[in-house]
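We count residues from 1, following the sequence as given. Note: hydrogens, waters and symmetry copies are ignored here, and every other heavy atom, side chains too, is used.
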Amino acid sequence: MARAIDLAIENVRTGGGPFAAVVVKDGRIVAEGTNRVTSSNDPTAHAEVVAIRAACTALRAFQLDGCDLYTTCEPCPMCLGAIYWARPARVYFGSLAADAAAAGFDDAFIYQQLALPRESRKIPFLEIMRDESLACFRAWAEKQDRVEY
């Protein structure tokens, strides 16, 4: 966690956000990530996502089996989803979501939107071409050599 905190502070000093994450396997750091949202113009470049991507590349795997994720702040909804897809063994976090909100990084709005029916959300979510889209799942079901995840 100390390494993640150092990374986050350095990221702030160089113009980035106050977040960092480190992935550890067998007591060794396999990847690090800092918030790169503004530096890369990528709203998905949160520290946890950056670290997960780097760790999966380093480990040549799409899941973080046997890994621990250390992150300087309780993960946002997007990062939480990425963490569950990556399936690390444990997640250690420093500050709370409430601490991030007090610093201007409030994700309560996202949780509120998730609780609403699609038709009531601020950004419209409109279903189109469902029958045609189901062909994607039929192709997946028919694929004999698919890799389950």
Summary of ring pair (Phe, Tyr, Trp, His ring centres under 6.0 Å) pairs that have at least one residue in residues 89-117, sequence neighbours excluded: Phe19-Phe105, Tyr70-Tyr92
To the nearest 0.5 angstrom, please state how far the CZ atom of Arg121 sits from the CD atom of Glu119. 9.0 Å
Ile29 reachable from Met1 in the ILVMFWY side-chain graph, under 4.5 Å edges: yes
Could you tell me whether the side chain of Leu69 reaches within less than 4.5 Å of the side chain of Ile83, counting heavy atoms only? yes
In chain order, what residues pass the salt bridge (Lys or Arg N to Asp or Glu O under 4.0 Å) check against Arg146, with sequence neighbours excluded? Glu148
With rounding to the nearest 0.5 angstrom, report the OG1 to CG distance, Thr72 to Asp99. 11.0 Å
Are Arg53 and Thr44 packed together at the side-chain level, in the sense that at least one heavy-atom pair is separated by less than 4.5 angstrom? yes
Least distance between heavy atoms, Gly15 atom then Thr38 atom: O-OG1, 4.0 Å
Does the pair Ser39 and Thr34 meet the rule for a side-chain contact (heavy atoms from CB on, under 4.5 Å), with working shown? CA-CA 11 Å; Ser39 65; Thr34 57; over 6 Å; no
Do Leu64 and Cys56 make a side-chain contact, defined as non-hydrogen atoms from C-beta onward lying under 4.5 Å apart? yes
Distance col, row Glu127:CD vs Ser133:OG, nearest 0.5 angstrom, shows 8.5 Å
Can you name the residues that form a side-chain hydrogen bond (donor to acceptor under 3.5 Å, both in side chains) with Lys122, not counting sequence neighbours? none
Rounded to the nearest 0.5 Å, how far apart are CD of Gln63 and CH2 of Trp85? 9.5 Å
How close do Gly33 and Val50 get, counting heavy atoms only, and between which atoms? CA-CG1, 3.7 Å
Could you check whether atom CZ of Arg118 has more than 12 heavy atoms from other residues, nucleotides or ligands sitting under 6.0 Å from it? no
Hydrophobic clusters here meaning ILVMFWY residues chained together by side-chain heavy-atom distances under 4.5 Å, can you tell me if Leu80 and Met78 are in one? no
Separation of Thr14 OG1 from Glu10 CD (nearest 0.5 Å): 5.5 Å
Pairs satisfying salt bridge (charged side-chain N to carboxylate O under 4.0 Å, His left out), at least one member in residues 65-84, at least two apart: Asp68-Arg90
Who are the side-chain hydrogen bond (donor to acceptor under 3.5 Å, both in side chains) partners of Thr71, not counting sequence neighbours? Glu48
In short, Ala4 meets Ala20 closest at the heavy-atom pair O-CB, 3.1 Å
Flag the pair Asn11 / Asn35 as yes when at least one side-chain heavy-atom distance between them is below 4.5 Å, and no otherwise. yes
Nearest heavy-atom pair of Gln113 and Ile123: which atoms, and what distance? OE1-N, 4.4 Å
Closest non-hydrogen atom pair, Val91 against Pro88: CG2-CG, 4.1 Å
Residues Ser40 and Ala45: closest non-hydrogen pair is OG-CB, 3.8 Å
Could you walk me through whether Cys73 and Leu96 pass side-chain contact (heavy atoms from CB on, under 4.5 Å), step by step? CA-CA 6 Å; Cys73 187; Leu96 302 174; over 6 Å; no
How about Val22 and Val24: do any of their side-chain heavy atoms sit closer than 4.5 Å? yes
Write out all pairs satisfying ring pair (Phe, Tyr, Trp, His ring centres under 6.0 Å) with one or both partners inside residues 40-60, taking only residues at least two apart or from two chains. none
Once you round to the nearest 0.5 Å, how far does SG of Cys76 lie from CG of Asp106? 11.5 Å
